[in-house]
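Predicted model only: the values in this text are computed from it and were never measured.
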Amino acid sequence: MGTYKCCIFFTRRFALPDATTPEDVRTLFSRFSGGTPYMSVDELRRYLAATGEVDGDGGMDVAERIVDRVLQGRSRTPRFGRPALTVDDFHNFLFSEDLNPPIRQSKVHHDMNAPLSHYFIYTGHNSYLTGNQLSSDCSDAPIIKALQIGVRVIELDMWPNSSKDDIDILHGRTLTAPVSLLKCLASIKKYAFVASPYPVIITLEDHLTSDLQAKVAKMVLEVFGDILYYPESKHLQEFPSPEALKGRVILSTKPPKEYLEAKGGTMKDRDIEPKFSKGENEESAWGIEVPDIQDELQDANKDDMSYHERGVDEDDEQKVCKNAPLEYKHLITIKAGKPKGSLVDALKSDPEKVRRLSLSEQELAKVAAGHGPKIVSSFTQRNLLRIYPKGTRFNSSNYNPFLGWVHGAQMVAFNMQGYGRALWLMNGFYKANGGCGYVKKPDFLMQTCPDGKVFDPTADLPVKKTLKVKVYMGDGWQHDFKQTHFDSYSPPDFYAKVGIAGVPSDSVMRKTRVVEDSWVPMWEDGFTFPLTVPEIALLRVEVHEYDVNEDDFGGQTVLPVSELWPGIRTVPLFDHKGMKFKSVKLLMSFEFV
């Protein structure tokens, strides 16, 4: 019994129920056990074969291991002299994260032999920052954390140190405290391949003199040695594949330009203090709903921001500092030069070479509003497009990543040290393909139709697939939270929100009913989601505790729809910072029709 205070002198007692077996689970058990009270190992094997977990004629060893795990440490219920599961045992198996996960593939299963431009790549922005963009410390710790979760693109901003004889990593002209380049490079080498064997790309923002560029070249070669990849040719006509670059580190930056003294030095020199808008701080950002990309495109179309603000000369390399060290230039594998003219012109492909282009989220939205399909057909099928957060995101918040993904942008750069719904989508998307940090782009983003048309995310598209989702129940909060965390006077009143993130026509959120006064809510509510672009759609799940004033957060997860395992599955939940709870989980079912 759980005891809660009521008024001053009284207490209320609530029963703490065990997890109840849903009716659908009982029906499933009866179907495969032949209506008997026990399910044999062979009957469990038939269930696993029916759900695609084992081959039809095999899987006895898998079924035996499951029975051993479920019955571990308990007396075994015999059926014809052999171990067997009861309906509660079967429910315990289904409600086990280790034995019954929601993701079909835990290993790399995409073709990894295509050029880098054929993949979405897990990308960080200002990877060295520990907090906000203006005054937080710089460190190798967030770089290490990013690599440990599978991030493949690390960004470093290089500036001369105070004595102009070494290189610091910091967010220039702000109050951020620097960290040394050498320390960052050493940590990248140590942790580059702990989560994935596929290449790590270091994007460098270069603010250095030619003598310091030479020092960077020497430092990079000494730290990375043979794992640093750089081609013999001056320009690549096609990017290598992730498979060919396994275990390698790659540099990407603009070809070195003449060093310019910082205008006015740092923010500290100019006596400028970082300012946040009302409510715009690190603690409030997580709760903001992800903006719809359709709204962003419409807003961008109304904006007067000029296409020409980023125009530069035809080839940056023709205007580099003549004293720039040749070795430094030679180490840059992915060059980020931009042609002269407007952003629309910048998105034209050069048949003689491939390159990387960086646009802010606002610039992409502006170009996409009027020329969306051209981004795909003219640029992202061969070249790399990197999108980064707008400069006013001082609190390290993020944007809707689908703004970049639907236009084929490979490097949708995010502030990984922040948190919030947008980052939940990013982390969920890269659970695909074994969590290796590279997700192959769907064919419709790599092909042009015979009539010359390319994918348009704002078009009226036909439904390709329908996903049916049922939320049965949740459990584990009583183990991971204090008794009075959600309510001082009674057990929590939980409800779940379930929806889709993707192209505008697919994006939606629904909610279950509220189950009052229960740590183990039983919802058994179902939802149907028609999907026009299931290839890149994400399933969003959140749990909240209803409150008259403001609902409390109870957990979240995001899963790639393309990787969902049909059937009844255990879905573990994460906190608002993306850390997995020890015990909190949902029992859900997925069906494609």
Side-chain angles (χ1 to χ4, degrees), residues 1-29 86-97 100 102 286-287 289 421 424 469-499 509-527 539-558 568-577 579-590:
M1 300 290 286
T3 302
Y4 293 82
K5 290 183 179 180
C6 181
C7 300
I8 299 176
F9 303 106
F10 302 98
T11 59
R12 301 172 69 192
R13 305 185 73 191
F14 294 86
L16 299 177
D18 294 327
T20 305
T21 302
E23 189 59 37
D24 283 2
V25 174
R26 295 183 180 276
T27 301
L28 201 61
F29 178 85
T86 65
V87 66
D88 289 337
D89 293 330
F90 184 62
H91 175 239
N92 290 337
F93 152 61
L94 293 178
F95 212 1
S96 167
E97 176 190 347
N100 192 36
W286 80 266
E289 185 52 81
R421 286 188 169 93
W424 300 348
V469 177
K470 194 166 187 178
V471 187
Y472 290 105
M473 62 182 296
D475 198 4
W477 290 279
Q478 68 272 32
H479 302 301
D480 292 351
F481 292 86
K482 294 180 180 179
Q483 180 175 296
T484 56
H485 175 85
F486 295 104
D487 196 321
S488 299
Y489 304 105
S490 66
D493 306 326
F494 285 126
Y495 67 91
K497 296 175 69 176
V498 183
M509 285 298 282
R510 308 268 175 77
K511 62 187 293 186
T512 68
R513 61 193 173 88
V514 176
V515 174
E516 296 182 350
D517 298 334
S518 178
W519 285 98
V520 187
M522 294 287 298
W523 295 292
E524 302 201 55
D525 288 345
F527 306 94
L539 178 69
R540 297 177 56 187
V541 182
E542 298 179 18
V543 175
H544 298 267
E545 198 271 338
Y546 175 76
D547 191 279
V548 174
N549 297 317
E550 183 179 2
D551 292 355
D552 295 315
F553 178 76
Q556 60 83 22
T557 194
V558 175
I568 298 177
R569 305 291 170 188
T570 298
V571 178
L573 296 186
F574 299 74
D575 66 17
H576 68 283
K577 292 187 177 181
M579 302 297 293
K580 191 164 75 70
F581 289 118
K582 291 181 179 179
S583 308
V584 178
K585 57 188 178 181
L586 301 179
L587 188 66
M588 303 177 65
S589 70
F590 310 115

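Annotation: side chain of Val469 is not in contact with side chain of Arg510 (no heavy-atom distance under 4.5 Å).
Taking the six-membered ring for Trp and thresholds of 30 and 60 degrees, Phe481 and Phe581 have ring planes inclined between 30 and 60 degrees apart. Taking the six-membered ring where tryptophan is involved, the planes of His544 and Phe553 are perpendicular, since the angle between them exceeds 60° and thus also 30°.
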Original post:
What do the steps show when you test Leu539 against Phe590 for side chain to side chain contact (heavy atoms under 4.5 Å, CB included), and what is the final call?
Top reply: CA-CA 11 Å; Leu539 178 69; Phe590 310 115; 3.5 Å; yes
Subject >> Residues Val543, Val584; criterion side chain to side chain contact (heavy atoms under 4.5 Å, CB included); working and verdict >> reply: CA-CA 10 Å; Val543 175; Val584 178; over 6 Å; no
Subject >> Derivation of the side chain to side chain contact (heavy atoms under 4.5 Å, CB included) call for Asp493 and Asp517 >> reply: CA-CA 5 Å; Asp493 306 326; Asp517 298 334; 3.4 Å; yes
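The nearest pair of heavy atoms linking Tyr495 to Trp523 is CA-NE1, 3.7 Å. The shortest non-hydrogen separation linking Thr20 to Met473 is O-SD, 3.4 Å. Heavy-atom minimum distance, Arg513 versus Asp525: N-OD2, 3.0 Å.
Distance check, rounded to the nearest 0.5 Å: CD of Glu545 to NE2 of His485 gives 9.0 Å.
A donor-acceptor contact closer than 3.5 angstrom links the side chains of Asp89 and Thr86.
One finds a salt bridge joining Glu289 and Arg540 here, because a Lys/Arg side-chain nitrogen approaches an Asp/Glu carboxylate oxygen to under 4.0 Å.
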